[in-house]
Amino acid sequence: MIGLPEVAKARQRSRRIGGLFALAAILGVVIVVTLTPPQIFSAALIVGCAFAASRAWLCLYHGERLLAEVERDIIERERKSP
């Protein structure tokens, strides 16, 4: 069964991955704003930024909520076990 150490590792991994996606989104926006690439590349970067931002949101917000629920269930299970 999964325990609290595994949840802590999963939380840390989710934060790292979410942070990388957030950095990718920010970098894409900076490239579009500062370099003003050709319109087709600009559109592709904007789509990529939107994708990276949505993945960051999934990893950081929803991942944290899910792991908090798992952690609560583990703590509750450990209280009930003798």
Side-chain angles (χ1 to χ4, degrees):
M1 285 217 233
I2 189 170
L4 292 177
E6 289 85 6
V7 173
K9 287 178 188 176
R11 179 174 280 132
Q12 191 176 31
R13 188 174 299 127
S14 175
R15 287 178 181 165
R16 274 193 214 128
I17 292 170
L20 287 175
F21 277 122
L23 284 174
I26 291 168
L27 180 63
V29 169
V30 168
I31 289 172
V32 169
V33 170
T34 58
L35 297 180
T36 57
Q39 197 168 16
I40 188 75
F41 294 123
S42 182
L45 279 171
I46 290 171
V47 169
C49 290
F51 176 78
S54 71
R55 295 296 148 199
W57 176 257
L58 284 174
C59 288
L60 295 173
Y61 180 71
H62 291 295
E64 189 69 30
R65 286 182 51 201
L66 178 64
L67 289 170
E69 287 181 31
V70 170
E71 190 175 39
R72 276 193 301 259
D73 289 343
I74 291 171
I75 291 170
E76 187 176 311
R77 182 187 71 208
E78 288 177 354
R79 282 187 196 151
K80 289 182 181 179
S81 66

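The first residue in the sequence is number 1, and the count goes up from there.
Taking both residues in full, the closest heavy atoms of L60 and S14 are given as CD2-O, 4.3 Å, listed atom of the first, atom of the second, then distance. Considering all non-hydrogen atoms of both residues, A25 and A53 come closest at CB-N, 3.9 Å. Across all their heavy atoms, G18 and C59 have their closest contact at CA-CB, 3.6 Å. Across every non-hydrogen atom of V30 and T34, the tightest pair is O-OG1, 2.6 Å.
Taking the side chain to side chain contact (heavy atoms under 4.5 Å, CB included) definition, one finds that I74 meets it with I2, L4, V7, V70, R77, E78, sequence neighbours left out. Checked against ring-ring contact (aromatic ring centres under 6.0 Å, His included), Y61 has the following partners two or more places apart in sequence or in another chain: W57.
The backbone N or O of K9 lies less than 3.5 Å from no partner atom in the side chain of Q12, so there is not a single donor-acceptor pair.
Distance CD1/I40 to CG/L45: 10.5 Å, rounded to 0.5 Å. The CD1 atom of I31 lies 10.5 Å from the OG atom of S42; values are rounded to the nearest 0.5 Å. Rounding to the nearest 0.5 Å places NE2 of H62 at 10.5 Å from CG of L66.
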request  = Run the numbers on I75 and R79 for side-chain contact (heavy atoms from CB on, under 4.5 Å), then give the verdict.
outcome  = CA-CA 6 Å; I75 291 170; R79 282 187 196 151; 3.8 Å; yes
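Linking Ile, Leu, Val, Met, Phe, Trp and Tyr residues whenever their side-chain heavy atoms come within less than 4.5 Å leaves L20 and L27 in two separate clusters.
Within 6.0 Å of CG in L35 there are more than 12 heavy atoms belonging to other residues, nucleotides or ligands.
Pairs engaging residues 18-29 under the side chain to side chain donor-acceptor pair (under 3.5 Å) rule: none recorded [sequence neighbours left out].
Of the charged side-chain nitrogens involved, none lies within less than 4.0 Å of a carboxylate oxygen, so that E76 and R72 do not count as a salt-bridged pair.
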